[in-house]
Amino acid sequence: MMLFAAEAALVSQDTGVAFATPASGATVESVQSDTTKASGPAEAQDEASAVLMARLQDRKIEVLSARTTDSTTYALPSGELETEAYAGPVRVKQDGVWKDIDTSLSDTGSDLTPAAAAADVTVSDGGDTQLASVTKDKESFGLGWEDKLPTPTVKDSTASYGLGSGQTLSVTALAQGFSENVKLTQQPDGDAVSYRFPLNLDGLKLSQADSGHLLLKNSDGDLVAEAPAPMMWDASKERRPASPPTRSRWRRRSRPRTTAPRLWS
């Protein structure tokens, strides 16, 4: 049985916290430890534990205390920190627990709401004229409909309302808002068809940019949100696909500090 002097590390698999014992003069029995293997969740509660685990397991470990809605920080085996910043929110904290963004709709009483979004988004479940709204802090924006809405068909993040005569109104919940469209499956009868969406604003003012974009500004004149110019297309034209929204990112590496974990966004 071989004895040697070394730094010993104990890692709690329940909490992800690592503890190191002093190396000087320490004599321990040579035992193969599972903590040096890349097993279990690649995460630790604090920066110091993540740095130690990354070095021992030779893989990057997420620093849970450094999580934000739009960034993730890792400790690397080299001892550096790497932060990935996303173009939009990828998670939200609910009841003190981080949850991945999930915009699938469910009936929560008077409205349909997404499972986990970065703002309070509501979509009508029928029987009223309030189509959809989004609220964040003390500011809110909502769209209405001219007539009472029928009960929608719900699939994933989208609620669809059959309006008759081949017309379907749809609302899709997003991480920080919603989108809406009207689809016609047959040629309208008679005069040209038009649709009006009443606005419900609280703490916001609406304006239109030269490009046609709709701009929402608060009482201080700061831009809070914007929407692309309304558009329409027919079946003879292919709609140009939108670019993937939220997973573009860039990274930053840095040396960890010995004090509190560093947050960066």
Side-chain angles (χ1 to χ4, degrees), residues 4-26 28 30-103 114-121 136-137 174-177 222-225 242-265:
F4 65 98
E7 178 187 71
L10 304 177
V11 180
S12 169
Q13 295 300 319
D14 294 331
T15 64
V17 177
F19 307 89
T21 61
S24 59
V28 297
S30 177
V31 178
Q32 179 65 36
S33 173
D34 290 339
T35 61
T36 61
K37 297 179 181 180
S39 61
E43 59 188 32
Q45 288 294 334
D46 58 76
E47 182 179 302
S49 300
V51 170
L52 183 56
M53 286 180 64
R55 180 167 58 81
L56 291 174
Q57 299 181 2
D58 193 29
R59 60 173 177 164
K60 68 180 185 180
I61 303 294
E62 183 185 357
V63 184
L64 294 179
S65 60
R67 272 187 180 180
T68 70
T69 58
D70 57 5
S71 71
T72 303
T73 297
Y74 298 96
L76 305 179
S78 64
E80 297 176 308
L81 294 180
E82 176 183 270
T83 297
E84 296 181 352
Y86 303 97
V90 296
R91 63 178 70 92
V92 62
K93 185 170 283 190
Q94 292 183 341
D95 299 324
V97 178
W98 286 112
K99 294 186 177 181
D100 292 339
I101 293 292
D102 179 1
T103 56
D120 294 328
V121 179
K136 197 166 187 179
D137 299 326
L174 307 174
Q176 300 185 88
D222 299 324
L223 182 64
V224 174
S243 300
T246 60
R247 288 285 176 173
S248 59
R249 66 195 184 191
W250 58 288
R251 299 175 176 178
R252 165 178 167 173
R253 291 187 177 183
S254 58
R255 283 284 178 183
R257 296 175 181 172
T258 56
T259 54
R262 178 165 46 217
L263 302 181
W264 178 84
S265 60

Listed partners of [X] passing side-chain hydrogen bond (donor to acceptor under 3.5 Å, both in side chains), at least two apart:
X      : answer
Thr103 : Ser157
Glu62  : Arg67
Asp120 : none

Fill in the blank from the handout: Residues at least two apart in sequence or cross-chain that pass side chain to side chain contact (heavy atoms under 4.5 Å, CB included) with Ala119, listed by chain then number, are Val134, Lys136
Practice task
Output all residues satisfying side chain to side chain contact (heavy atoms under 4.5 Å, CB included) with Asp100, sequence neighbours left out; order by chain, then residue number.
Solution key: Arg91
Is there side-chain contact between [X] and [Y], with heavy atoms separated by less than 4.5 Å?
X      : Y     : result
Tyr86  : Thr69 : no
Ile61  : Arg59 : yes
Gln176 : Pro89 : yes

Practice task
Give a yes or no on whether a salt bridge exists between Glu43 and Lys60, defined as a side-chain N under 4.0 angstrom from a carboxylate O.
Solution key: no
Handout entry: Ser71 and Thr83: side chain donor to acceptor below 3.5 Å
Key = no
Completion exercise
Note: Asp46 and Val63 closest approach over all heavy atoms is C-CG1, 3.8 Å
Fill in the blank from the handout: What one should report as the nearest heavy-atom pair of Ala116 and Gln94 is CA-NE2, 3.5 Å
Exercise for the section: Any chance you could measure Trp98, atom CH2, to Thr72, atom OG1, to the nearest 0.5 Å? Expected result: 9.5 Å
